[in-house]
Amino acid sequence: MNFNSKNSRRSFIKGSILALGGISIVPRHVLGKGYLAPSDHLTKGIIGVGGMGRGHFKYAGTKTVAICDVDTRHIEIAQKTLGTGVKTFEDYRELIQLPEVDIVHIATPPHWHGIMAVDAAREGKDIWCEKPMTRTIGEGKKVVEAVKTHGNIFRLNTWFRFESSFYGMNTEVKNIKKLVDSGMLGWPLKVTVGKLTGFDWKFYWVGKTNLETMPVPRELNYNQWLGPAPYKPYNEHRTHGTFRGYWDYDGGGLGDMGQHYMDPIQYFLGKDHTNPVSVEIDAPQQHPDAVGTWRKITYTYDDGCQIILDGEGTTEAPYIEGPDGKLFRGFQSDIPNMERKLAQFPDPTPQVTDFVDAVKNRKKFALNEENGHRSCTLVNMGLVALRLGRNLKFDPVAQTFIDDEGANRLINQPMRAPYSI
Amino acid sequence: MAVAFYLSIGQAFLVTAQNQMDADRTTSTKIADLLNRLPTQDASSLEAAMQGIAELGEKGITEMASMLKPDGNNEKLEYALAGFAFYTSQPEREPLARMAVQAYGKALENLSDPESKNFVLSQLKWIGKEDATPFVEAYLQDERLSGTASRVLATIGSESSERALILALNSSQDEALKLNYIEALGDFNSPNAVEEITPYLSSSNPTIKKVSIYALANIADPSSAKALRQEAENANFTYEPLNASAMYLKYIEGLSQKGYEKQAIKSLKWLDKRTNVEDHAHTKGGVLRLMAAIHPDKAHKLLLKAASSEDDRYRGAALKYASDEGMINHLSDWEKTISGASPSIQSAIIRRMGQIKNVEVAKTIKPYLKSSDQEVRLSAIEAVVSAGENLALQDLLDVMDSANEEELVVLKRSLQSMGGENVTGAIASKIPSANDKAKVALLEVLASRAAEDQVDVVFGEVNNSNPEIKKAALEALSAMVTPQHLDKLVELLKNENQEASLEKIQDALIVANAQKNNPGTQTQWALDLIPQLDVEKQVYIYKVLSTTGGKEALDNLDRFFKSGSGIQKSEIVRALNQAEDPMAASVLLNIARSSETENLREEALKGYVKLVDASENKDEGKVIMLRNALELAKSNETIQATLAQLGNYPTFQALLVAGNHLDNPSYQQSAARAVMNIVLNIDEIHGEVVKGIVQKTKEVISGQDSQYYKTSLQKYLDEMPEGKGLTPLFNGQNLEGWQGMVANPLKRAAMNEKTLAREQQIADEVMEKGWTVEDELLIFTGEGQNIVTEEEYGDFEMYIDWKITEEGDAGIYLRGTPQVQIWDTARTEVGAEVGSGGLYNNQSHPSKPLVVADNPVGEWNTFHIIMKGEKVTVYLNGELVTDNVTLENYWDGTAPLFAEELIELQAHGTYVAYRDIYLKELKTEKFELSEEEKAEGFKVLFDGTNLDQWAGNKTDYVVEDGILAIYPDRGGSGNLMTKEEYEDFEFRFEFKLTPGANNGLGIRAPLTGDAAYAGMELQIIDNTAEIYSQLKDYQYHGSLYGVAPAKKGHQKPVGEWNYQEVIVKGDQVKVILNGTTILDVNFADARENGTLDGRDHPGLSKDKGHIGFLGHGDIVYFRNIRVNKL
């Protein structure tokens, strides 16, 4: 065993499993929920320890050994929880080179996600990335390619497709998947995400126009914060927390929350390897810098299935509607004796939902670079249509817009040198 | 001047027509009007606005783009310029895009501020082609703009942009700028730049070096091979900030894509040889991927080898790259690889194979179900099912007996998700012979698959001596039984003594009975069964009844409750709590009200609250139900659940109730969420009370996502209409605001002041005896007289809750006139069966309610009464019972209803209680001429109520709250003109502008056509708007458009009302704005010798015409309009 090699730690973990034979793979539930032998802990480095990153210090089976942030205030707050022993960085490229880091956790604003994920993949790290996966469709393609090339395990961090209650639907997605697969609702399906799902208040993530230039706080490395994004004069509203309101970094409520809602829908519609063929928008004109609100976004797949993001909120709308039946909140349906009939169908294929297990046994995680990129593409299709102010047609195979050069110029956006992906 | 009212029309022919009319107007005016329409609110107005910009032409767009200012508010310009760039980026608008490039490019030269330039430059990214290069390259050397310019050129990717970048690279000395050029050249794959970039690989500046490596890798010219290979080697084939290793792989990929396959393969082999799995697994993974893409045959062997690597990541990469098709085609190779591999490798490959739906693959996996290694077995179980469905079903069942706990979990999960025929049959046949643990697992599988046809096997195990098996079997029953099993289940019930088991049998009974799909027979079956059972077993049938629902079942449960013992009572409550029939609510409420023990009460309330949603009541009725629960609830849990539910019924009453629960920390958050849900779903309520509740909610709301909530609550507060809104008529503490009723309005009016005062004193004394305030309720005890408000009300909207007792009779007089009826519907001898809420005393108009919406006597009811003019609308518990019915004058049948009078609560000899009395006045004060104006001969043209004296566009011009408002985009067209014509006149009116608004007052104008020329127009415009900063003098407010400028500086701030007088006499026009004469001009000269705008104004020769408002593109308000012919 070569402890000097760059990835010695991983070899050690694997080696210890082999050496201990049956013992170390005693099922974890025998040892108590969430129990792991200390040597079995995976280590992680978190990039971005603002509000989102700090929420992920303690994930069972992992230990945070390094953090990175461009704001020293965030670093100081994080050290209060993690202790001063944790390694700290301002440049993520140093963090991802640490041999002792197994998992790189990306909790920055979205304009960094693509480039960091690709670099971490090239370093051979496994990756935990916050939603939305990437800010453009092009960057998403690069992440898929890099993760595939280097054999990494990738987890996109939204979880409704396999855990807890789907926003507002009051039932696990697994049940919906089973119902959809059973064919009892018929086909194609129309899925409406409306006010009852909690979507409406997310619309307030809008940017401001006519921002004054402010002095950059001493604690913030603004240039590094911007990274690949175009340079714009600093105003505090552009950064921490409120960055979601600017196209350069994210896409408002749809960018911030859209993937939470649409990822489970892609899953239960069985669309994990494809995308809709059109997106239609009903929205006011968008400002070129600041993200605004919208009223309605409709996605249509080639088989006629639809997703409707209903910003106006028809509170009584059926949530999932097919030619043979409707499914309402709380797993209520207009199909008589639905649950009993449904039980007679096989369960959906089990998903790999334990990230630690996925990393250790090299299993593809339930929400990974491929299906994560596909559901993020829904977000990005919507954002492109909003910015342009028009409906678009999409080719899910080529992953380009059809007959719309303007839209296609938004798929790949050159980065500020020296950043490239 | 309504210069650009065409924009909201959104129809091309009108745009064109209007544009011709506008032809000679100044570009700056057109731009200003265009900008004022932005941002557009929908697709059709966007289209119209963008067409408008297109019509400005290249020169006009250049002028517009040149308006960007370093310190100004550029928001609208940004909407316009970026919007237009995006608009023209569609292929069918190619010619417009070319024009835009020229226009923006020329504007770049006019602009001096770098941020403005940067903005315009960025727009070229969306539309620039070869034609944009000359404009963009000028900024390559500019420190601020170089990056943007380079990225724009990279997007353009044309020959000329390549040349420009190479030139810049060669001529620049600044390393920071060179970075931009090199990256951009790399981004668009410029082989011509290789020679220029290569030297920078040896730069001592690591950033320069990094982008050079990137650029050369991207360009992938064969000549870069050696240099990039060297960089990868220097990086030790792993990641470092220069990214050389990954870039070398990218380079190889590029080579192969450009046709240099041999060279690519050679490089891959070299790389593969120079790297080792332990240190470079990720790089070797990259080699695999490229090999698979370039040379699939060679890759197959490499993949097989890598898949058997001990390094999990390298192996993982290989398995990702092994395609489904490749694995199927080379299945025997893979089979060999597995068989010779270590267990961890076996299980990884097997897991990968499991992702392929293919029988042959499944067959290959099958033998590993018997592997000696557990990890392999676990992988094989899942993989064989996902690849081959039921192919290995029998094998899986065979290994059940020897499986350990962990394997059983996986086996079970796999059997639950297994597709294919006869799965449950095979499982069932296995059960009798299976060992105990396997039996439990298999029973659970049958249950989760609701295998109705296999239920006999399950019955076979319900008396198993192993408690685990028995439990699993009993649990499985409810998923599988049908009515034909009821007798068997009853036998089980009779013979069972364990409580846990009995509950499971109960569940099965409920399900089996419910499969009859006939509530009548279901209930009858249960009622017949009960007497046959011991008392302690009878309780298990209560839930059968409660889940069946229906009147009979529920009545019987109520009866059992009343006669039952303690344990029976609590079992009945438990059963009722599971009911889905909303009728169970009243049973539960009665139990909660009469219950002696707190436990029983809270339990009953839980079930009651749950049923509220299912009730057929309107939201208002549901709120009353929830208030009943809140009156009784003591436990925080019940209160929280009730408050949470309130949020689902967005009504004024729900808001009041939630608002009353914001103080107690135990349930404050539930109340706050409820308030939020209510206000976000209801916009018609406002006023101090509402504001206070929302404000307080914003302060107390906390927890996850509360920042989002606070923002949206603030938005609600910001958008709340001004004005008094809903105001309480009863303060909950005393009779303040109320007085005794002296006499009917006619008699009272006839009294002199002294008599009235004396009578009032007597009446007040009577009031004190008959009316009391208790627990925030206003109560009439049954003896005494009516009471009335102290204030008089005309038009209003009123909320009031009321409750009567048996034989009860009361009513609410509106404008001192009887009455909105309240009575006990049981009093059929007086016709009360029609329900409350009718206008009881009406003779010729309807007096009966439309439907009976009363709650039972003793329960609360809620009225929402709207009184407008003589018409009354009443909602009782949310149901419309009186629909816009005339209230007749009871006291004098020949007279119309009083315009304003007191509101009166009737005392009719029986108990009545009121609460939450709120009123909102709906005042539309009609404008009336002053005595002076009357004397002078003025006539009212608009008094706040109608547009009877006007003609034209009544779609966009609407009467609202006494005001004439103009709303763009309602789909109308044209102006609003007086029906009558005027020669010499004096015209007085008030107007209020919104930011950037533009309208005009036409005088001596024709009904159609452009009034500014065919008649005359006095400009109405927001002089202060930045977008109008470049107007000509004769275009500002008050000017005689195109002819004579008015004085600026006498407008009130935007949003306030202005008063304006216009006097037209012969050739003299005078405008007095807020008391200052801003125009006093004789236009005879202009008529003879030409106007300031140089245009033909035939209207100057007209001696009479209509007066009107010109333009419907902006929101503008007018009121109090009158005219006097001179």
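Quantities reported herein were computed from a predicted structural model and do not represent experimental measurements. Every chain is numbered from 1 and lettered A, B, ... according to where its sequence line falls, protein lines coming before strand lines. Worth knowing before you read on, the calculation uses all heavy atoms, side chains too, and leaves out hydrogens, waters and symmetry mates.
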Problem - Exam field: side chain A:Gln285 to backbone B:Thr40, donor-acceptor pair closer than 3.5 Å - result: yes
Handout entry: Spacing of CD belonging to B:Glu382 relative to OG1 belonging to A:Thr349, to within rounding of 0.5 Å
Key = 10.0 Å
Completion exercise
Interatomic distance, CG@A:Asp347 vs CZ@B:Arg449, rounded to 0.5 Å, equals 8.0 Å
Exercise for the section: Begin from the C-alpha positions of A:Arg416 and B:Arg151 and carry the test side chain to side chain contact (heavy atoms under 4.5 Å, CB included) through to its verdict. Expected result: CA-CA 8 Å; A:Arg416 197 163 67 109; B:Arg151 285 193 297 281; 3.5 Å; yes
Exercise for the section: Return the set of residues passing side-chain contact (heavy atoms from CB on, under 4.5 Å) with B:Ala451 (not counting sequence neighbours), or none when no residue passes. Expected result: B:Thr424, B:Leu446, B:Asp453, B:Gln454, B:Met480
Exercise for the section: Taking atom types as modelled, find out whether B:Glu78 and A:His287 have a side-chain donor-acceptor pair closer than 3.5 angstrom. Expected result: yes
Practice task
Sort B:Tyr79 into side chain, backbone, both or neither according to what part of it lies under 4.5 angstrom from a heavy atom of chain A.
Solution key: both
Handout entry: Any B:Lys320 side-chain heavy atom under 4.5 Å of A:Val147 side chain
Key = yes
Fill in the blank from the handout: Taken to the nearest 0.5 Å, the spacing of A:Ser420 OG from B:Ile213 CD1 works out to 10.5 Å
Practice task
Sort out for me which of B:Val445, B:Val423, B:Asn180, B:Thr155 touches chain A most, counting heavy-atom pairs under 4.5 Å.
Solution key: B:Thr155
Practice task
Report yes if the side chains of B:Pro241 and A:Gln97 come closer than 4.5 Å at any heavy-atom pair, otherwise no.
Solution key: yes
Completion exercise
Separation between OH (A:Tyr231) and CG (B:Leu145), nearest 0.5 Å, reads 12.0 Å
Problem - Contact summary for A:Pro346 and B:Gly419, nearest pair of heavy atoms - result: CG-CA, 4.1 Å
Exercise for the section: Report yes or no: do A:Asp119 and B:Asn243 form a side-chain donor-acceptor pair below 3.5 Å? Expected result: yes
Fill in the blank from the handout: In short, A:Pro288 meets B:Phe119 closest at the heavy-atom pair CG-CE1, 3.7 Å
Handout entry: Per-residue contact mode, A:Pro230 against chain B (heavy atom under 4.5 angstrom)
Key = both
Problem - Heavy-atom contact with chain B under 4.5 Å, split by part of A:Lys341 - result: neither
Exercise for the section: Would you mind reporting whether B:Glu240 and A:Glu123 have side-chain heavy atoms less than 4.5 Å apart? Expected result: no
Practice task
Decide yes or no for B:Tyr239 and A:Arg93: does some side-chain heavy atom of the first lie under 4.5 Å from some side-chain heavy atom of the second?
Solution key: yes
Problem - Atom group of B:Asn118 that falls short of 4.5 Å from chain A, counting heavy atoms - result: side chain
Problem - chain A contact via B:Glu253 - which portion, at a heavy-atom distance below 4.5 Å - result: side chain
Exercise for the section: Indicate yes or no: at least one non-hydrogen side-chain atom of A:Pro418 is less than 4.5 angstrom from one of B:Tyr214. Expected result: no
Fill in the blank from the handout: Distance col, row B:Ser379:OG vs A:Asn361:CG, nearest 0.5 angstrom, shows 8.0 Å
Exercise for the section: With the side chain counted from C-beta on, respond yes when A:Lys364 and B:Arg352 share a heavy-atom pair under 4.5 Å apart, and no when they do not. Expected result: no
Practice task
Answer yes or no: are there more than 12 heavy-atom neighbours, outside A:Glu212 itself, under 6.0 Å from its atom CD?
Solution key: no
Exercise for the section: Begin with the C-alpha distance, continue with both residues' side-chain angles, and end with the deciding distance and a verdict on salt bridge (Lys or Arg N to Asp or Glu O under 4.0 Å) for A:Glu405 and B:Arg93. Expected result: CA-CA 11 Å; A:Glu405 196 188 337; B:Arg93 311 214 182 280; over 6 Å; no
Practice task
Over all heavy atoms of both residues, which pair between B:Asn74 and A:Asn210 is shortest? Give the atoms and the distance, please.
Solution key: N-OD1, 4.0 Å
Practice task
Apply side chain to side chain contact (heavy atoms under 4.5 Å, CB included) to A:Leu410 and B:Phe86, showing your working.
Solution key: CA-CA 10 Å; A:Leu410 284 156; B:Phe86 279 137; 4.0 Å; yes
Problem - Shortest non-hydrogen separation from A:Arg340 to B:Ser478 and the atoms involved - result: NH1-O, 3.9 Å
Handout entry: Contact origin within B:Lys250 toward chain A - heavy atom pairs under 4.5 Å
Key = side chain
Handout entry: Any donor-acceptor pair under 3.5 Å from B:Arg313 side chain to A:Asp126 backbone
Key = no
Handout entry: Set of residues satisfying side-chain contact (heavy atoms from CB on, under 4.5 Å) with respect to B:Asn205, sequence neighbours excluded
Key = B:Glu175, B:Ser203, B:Thr207, B:Ile208
Problem - Part of B:Arg144 within contact of chain A (heavy atom distance under 4.5 Å) - result: side chain
Fill in the blank from the handout: Looking only at heavy atoms, the pair that brings B:Asp187 and A:Pro414 closest together is OD2-CB, 4.0 Å
Completion exercise
Max heavy-atom pairs within cutoff under 4.5 Å with chain A, candidates B:Pro343, B:Ala292, B:Ala479, goes to B:Ala479
Exercise for the section: Let me know if B:Leu46 has heavy atoms under 4.5 Å from chain A in its side chain, its backbone, both or neither. Expected result: side chain
Exercise for the section: Dump the intermediate steps for side chain to side chain contact (heavy atoms under 4.5 Å, CB included) on A:Arg387 and B:Trp126, then the final yes or no. Expected result: CA-CA 12 Å; A:Arg387 287 185 74 174; B:Trp126 316 122; 4.0 Å; yes
Practice task
Start with the C-alpha gap between B:Ser245 and A:Arg122, add the side-chain angles, then the distance that decides, and say whether side chain to side chain contact (heavy atoms under 4.5 Å, CB included) holds.
Solution key: CA-CA 8 Å; B:Ser245 308; A:Arg122 286 168 176 167; over 6 Å; no
Practice task
Would you mind reporting whether A:Asn337 and B:Gln515 have side-chain heavy atoms less than 4.5 Å apart?
Solution key: yes
Problem - B:Arg289 and A:Glu145 ion-paired at < 4.0 Å - result: yes
Practice task
Using atom types as modelled and distance alone, determine if a side-chain donor or acceptor of B:His282 lies under 3.5 Å from a backbone N or O of A:His150.
Solution key: no
Practice task
Flag the pair A:Pro350 / B:Ser417 as yes when at least one side-chain heavy-atom distance between them is below 4.5 Å, and no otherwise.
Solution key: yes
Exercise for the section: Check A:Arg390 against B:Ser89 and note the closest heavy-atom contact, atom names and distance. Expected result: NH2-OG, 2.8 Å
Exercise for the section: Give, for atom OG1 of A:Thr209 and atom NZ of B:Lys76, the distance between the pair rounded to the nearest 0.5 Å. Expected result: 9.5 Å
Handout entry: Contacting region of B:Leu249 [heavy-atom separation from chain A under 4.5 Å]
Key = side chain
